[in-house]
Visitor: 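Please find one structure pasted underneath; my questions will follow.
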Amino acid sequence: MDAHKLQRLRERYAQPDGDLKADVPFRGALKQIADSDLHQKKPYADLPTLLDFPYREDWEGLDTVLVGVPMDLGVTNRPGARFGPRALRAIERVGPYHPTHDVIPSMVLRGADIGDVPFRSRFSLEKSIEDIETFYRRIAAAGLKPVSAGGDHSITYPIMKALGAETPLGMVHIDAHCDTAGPYDDEKFHHGGPFRQAVLAGVLDPERCVQVGIRGSAELAWAFSYDAGMTVIHMDDFHSMGLPAVISLCREKVAGGPVYASVDVDGIDPAFTPGTGTPEIGGLTPLEAQMLIRGLAGLPIAGGDVVEVAPQYDPSANTAHVGASMMFEILSLLAHEAAAAQAGRST
């Protein structure tokens, strides 16, 4: 070993701030963390919040909010996603730094966990849909961008009604199922049909929607996706196209307006996310899902959600860990956009 190099390393790293003197790409982010209280924060201490953001009841001064939506009255198979927000809050060590985007979301976003949507009834799906829309209309009116933890996928319809009221949204949707089905048991509100309802309400532009990871025998329920002009990428297509081509197609299709990112954890293979109500084998890996979301950087993201985490079916907590990681990926898209805007203002 080179003696001079060894001596230099000993002298530098014998000091507490040795890492800050290294010529590495992430030195700026490292200094930000060192100058804050983030490096002292114990991941297992204090009250749990979504992605360790501070809890706030007051929304003053925020630009981004993390929201729990503990409602699963729309499930068609196994219930339990009402416990998803609580499970995601309990996950430790997701973030705070995103190495791909070279950004610390909590340092560039004025964000907070603002708690859960308040529901009038634990029994009525229709009232719950109304309550979600009312809450998110407040969020939209305040100019905030939400990243939400469900709940089952029926929660996305009222969120879209609020966020897409002025300008219809485009969407990148990771899921095993298209979720554009018609009524089940004479009920149109359920987790298998939120995007049919959103398109019919005029808040989701089907021509600007890409649905990735689709598979399984529920294919017979997705006529609306094809008829409405949504881009459906089955898992067979995903592997034959390759990830770069899928990302390119997503960016092409959703261009022209605000984009919503929705991740159902059953889009990921149940080997990684068994804790969900409608598992389908043969899905994405967590890394593929992460890279797909990262590929959306630079698009005008209006918000996003992670849904269908039902923790009681997964004693390992892997499903919740993957879900929290997907939330962090969506949040990091907002942080990437904010950091780029801040850099533009400073030049």
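Every value quoted in this text rests on a predicted model; they were computed, and no experiment measured them.
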Visitor: Do L243 and L296 sit in the same hydrophobic cluster, where Ile, Leu, Val, Met, Phe, Trp and Tyr count as joined when their side-chain heavy atoms come under 4.5 Å apart?
Guide: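 Linked within one cluster.
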Visitor: For G295, is there any backbone N or O sitting under 3.5 Å from a side-chain donor or acceptor partner on R251?
Guide: yes
Visitor: Got I214 and E219 here, is their nearest side-chain heavy-atom distance under 4.5 Å?
Guide: yes
Visitor: Please tell me whether V65 and F119 are part of a single hydrophobic cluster in this structure, the criterion being side-chain heavy atoms less than 4.5 Å apart.
Guide: yes
Visitor: Test salt bridge (charged side-chain N to carboxylate O under 4.0 Å, His left out) on K127 and D131; report intermediate values, then the result.
Guide: CA-CA 6 Å; K127 285 182 179 178; D131 291 340; over 6 Å; no
Visitor: If I take atom SG from residue C178 and atom CG from residue D264, how far apart are they, to the nearest 0.5 angstrom?
Guide: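 Atom-to-atom, C178:SG and D264:CG are 11.5 Å apart.
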Visitor: Give the ring-plane orientation class for H177 versus W222, where under 30° counts as parallel, over 60° as perpendicular and anything between as tilted.
Guide: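 Ring orientation, 0 to 90° scale: tilted.
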Visitor: Would you say N318's side chain and F272's backbone share a donor-acceptor pair under 3.5 angstrom?
Guide: no
Visitor: Quick one: does any side-chain atom of D314 pair with a main-chain N or O of P274 as donor and acceptor, under 3.5 Å?
Guide: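 Flag not set: sc D314 to bb P274 has no pair under 3.5 Å.
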Visitor: Any link between V259 and F328 through a network of hydrophobic side chains (Ile, Leu, Val, Met, Phe, Trp, Tyr) touching at under 4.5 Å?
Guide: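 Result: yes, single cluster for both.
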Visitor: Which heavy atom of A162 sits nearest to which heavy atom of A140, and what is that distance?
Guide: O-CB, 3.9 Å
Visitor: Is the closest side-chain donor-acceptor distance between S148 and D305 under 3.5 Å?
Guide: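 No.
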Visitor: Identify whether the distance between the nearest side-chain nitrogen and carboxylate oxygen of D23 and R27 falls below 4.0 Å.
Guide: no
Visitor: Ignoring hydrogens and angles, tell me if any N or O in the side chain of R82 forms a donor-acceptor pair with the backbone of L73 under 3.5 Å.
Guide: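 Not confirmed, R82 side chain does not pair with L73 backbone.
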Visitor: Strictly under 6.0 Å, is that where the ring centroids of H239 and H234 end up?
Guide: no
Visitor: Do other residues, nucleotides or ligands put more than 12 heavy atoms under 6.0 Å from F189 CZ?
Guide: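 Yes, enclosed.
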Visitor: Atom CE of residue position M291 - does it have more than 12 heavy atoms of other residues, nucleotides or ligands inside 6.0 Å?
Guide: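 Count not over threshold, so no.
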Visitor: Step through it carefully: locate the ring centre of H153, locate the ring centre of F195, and say whether they are under 6.0 Å apart.
Guide: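 So the answer is yes for these two rings.
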Visitor: Answer whether the closest heavy-atom distance between the side chains of D205 and L169 falls below 4.5 Å.
Guide: no
Visitor: Between D17 (side chain) and L20 (backbone), is there a donor-acceptor pair under 3.5 Å?
Guide: no
Visitor: Step by step, would you call I293 with I174 a side-chain contact (heavy atoms from CB on, under 4.5 Å)?
Guide: CA-CA 9 Å; I293 298 170; I174 295 175; 4.1 Å; yes
Visitor: Checking salt bridge (charged side-chain N to carboxylate O under 4.0 Å, His left out) for the pair K253/E207: CA distance, chi angles, key distance, verdict?
Guide: CA-CA 7 Å; K253 290 293 184 180; E207 301 285 346; over 6 Å; no
Visitor: Quick one: are L331 and L66 in side-chain contact, heavy atoms under 4.5 Å?
Guide: yes
Visitor: Are the side chains of S154 and L125 in touch, meaning some heavy atoms are under 4.5 Å apart?
Guide: yes
Visitor: Using modelled atom types only, decide if a donor and an acceptor are shared between the side chain of R208 and the backbone of G257 within a distance under 3.5 Å.
Guide: yes
Visitor: Is the closest side-chain donor-acceptor distance between E329 and H98 under 3.5 Å?
Guide: yes
Visitor: Treating S36 as the side-chain partner and I33 as the backbone partner, does any N or O pair qualify as donor plus acceptor under 3.5 Å?
Guide: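 Such a contact is found between S36 side chain and I33 backbone.
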Visitor: Who clusters with Y313? Use side-chain heavy atoms, under 4.5 angstrom, across I, L, V, M, F, W and Y, and order the result by chain and number.
Guide: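 None, because no other hydrophobic side chain comes under 4.5 Å of this residue.
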Visitor: State, with a plain yes or no, whether a side-chain heavy atom of L204 is found less than 4.5 Å away from one of P168.
Guide: no
Visitor: How far apart are the C-alpha atoms of T76 and H191, what are their side-chain angles, what is the distance that settles it, and do they pass the side-chain contact (heavy atoms from CB on, under 4.5 Å) test?
Guide: CA-CA 7 Å; T76 55; H191 73 163; 2.8 Å; yes
Visitor: In Å, rounded to the nearest 0.5 Å, how long is the span from CD of Q197 to OH of Y157?
Guide: 5.5 Å
Visitor: Only pairs at least two apart or in different chains count here, so list each side-chain hydrogen bond (donor to acceptor under 3.5 Å, both in side chains) that has a residue in residues 269-278.
Guide: D266-T278
Visitor: Answer with yes or no whether the side chains of Y13 and D19 bring together a donor and an acceptor at under 3.5 Å.
Guide: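 The criterion, which ignores hydrogens and geometry beyond distance, is not satisfied for Y13 and D19.
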Visitor: Any side-chain heavy-atom pair from D175 and Q211 closer than 4.5 angstrom?
Guide: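 They are not in contact (no side-chain heavy atoms under 4.5 Å apart), so the answer is no.
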Visitor: How far apart are the closest heavy atoms of I268 and V322, and which atoms are they?
Guide: CD1-CG1, 3.6 Å
Visitor: Is it the case that over 12 heavy atoms from other parts of the model lie below 6.0 angstrom from the CG atom of L287?
Guide: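 Count over threshold, so yes.
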Visitor: Minimum heavy-atom separation for G68 and L50, please, with both atom names.
Guide: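 Result for this residue pair: N-CD1, 4.2 Å.
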Visitor: Could you go through M235 and L284, starting from their C-alpha distance and side-chain angles, then the distance that decides it, and tell me whether this counts as side-chain contact (heavy atoms from CB on, under 4.5 Å)?
Guide: CA-CA 8 Å; M235 279 307 301; L284 298 165; 3.9 Å; yes
Visitor: Identify the two heavy atoms, one from V103 and one from S332, that lie closest to each other, and give their separation to 0.1 Å.
Guide: CG1-O, 4.5 Å
Visitor: Within the structure provided, determine whether I233 and V246 are in side-chain contact (heavy-atom separation under 4.5 Å).
Guide: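 In contact.
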Visitor: Looking only at non-hydrogen atoms, find the nearest pair between P85 and G151 and report the distance.
Guide: CD-N, 3.9 Å
Visitor: Would you confirm whether R215, through its side chain, and G213, through its main-chain N or O, come within 3.5 Å as a donor-acceptor pair?
Guide: yes
Visitor: Around R120, counting heavy atoms of other residues, nucleotides and ligands shown, do more than 12 lie under 6.0 Å from its CZ?
Guide: yes
Visitor: Measuring from atom CE of M230 to atom CZ of R196, what distance do you get when rounded to the nearest 0.5 angstrom?
Guide: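 Result: 10.0 Å between the selected atoms.
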Visitor: First locate atom CG of L88, then atom CE of M326, and finally report the distance between them rounded to the nearest 0.5 Å.
Guide: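 Taking CG in L88 and CE in M326, the distance rounds to 11.0 Å.
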Visitor: With side chains defined as the heavy atoms from C-beta onward, is the minimum distance between D102 and Y97 less than 4.5 Å?
Guide: yes
Visitor: Between A261 and I330, what is the shortest heavy-atom contact and its length?
Guide: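 Shortest heavy-atom separation between A261 and I330 comes out as O-CD1, 4.0 Å.
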Visitor: Would you compute the distance between atom OG of S128 and atom CE of M71 and round it to the nearest 0.5 angstrom?
Guide: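 S128 OG to M71 CE: 5.0 Å, rounded to 0.5 Å.
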Visitor: Yes or no on side-chain contact (heavy atoms from CB on, under 4.5 Å) for Y260 and V254, after CA distance, side-chain angles and deciding distance?
Guide: CA-CA 9 Å; Y260 192 85; V254 303; over 6 Å; no
Visitor: Between the side chain of E288 and the main-chain N/O of T285, is any donor-acceptor distance below 3.5 Å?
Guide: yes
Visitor: For the pair Y184 and H190, name the ring-plane relationship: parallel under 30°, tilted 30 to 60°, perpendicular over 60°.
Guide: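 Parallel: the ring planes of Y184 and H190 meet at under 30°.
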Visitor: Do K145 side-chain atoms and I301 backbone N/O form a donor-acceptor pair below 3.5 Å?
Guide: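 Flag set: sc K145 to bb I301 pair under 3.5 Å.
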Visitor: Quick check for you: to the nearest 0.5 Å, what is the distance between I114 atom CD1 and L62 atom CG?
Guide: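 Answer for the CD1-CG pair, I114 versus L62, is 8.0 Å.
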Visitor: Can you run down the salt bridge (Lys or Arg N to Asp or Glu O under 4.0 Å) pairs that involve residues 274-285, sequence neighbours left out, and say none if there aren't any?
Guide: none
Visitor: Can R78 and E308 be said to form a salt bridge (charged side-chain N to carboxylate O under 4.0 Å, His left out), step by step?
Guide: CA-CA 10 Å; R78 302 190 299 191; E308 301 285 351; over 6 Å; no
Visitor: Would you say CG of L6 has more than 12 non-hydrogen atoms from neighbouring residues, nucleotides or ligands within 6.0 angstrom?
Guide: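 Atom CG in L6 is crowded, with more than 12 foreign heavy atoms closer than 6.0 Å.
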Visitor: Is it true that D113 and R89 have a side-chain N and a carboxylate O under 4.0 angstrom from each other?
Guide: yes
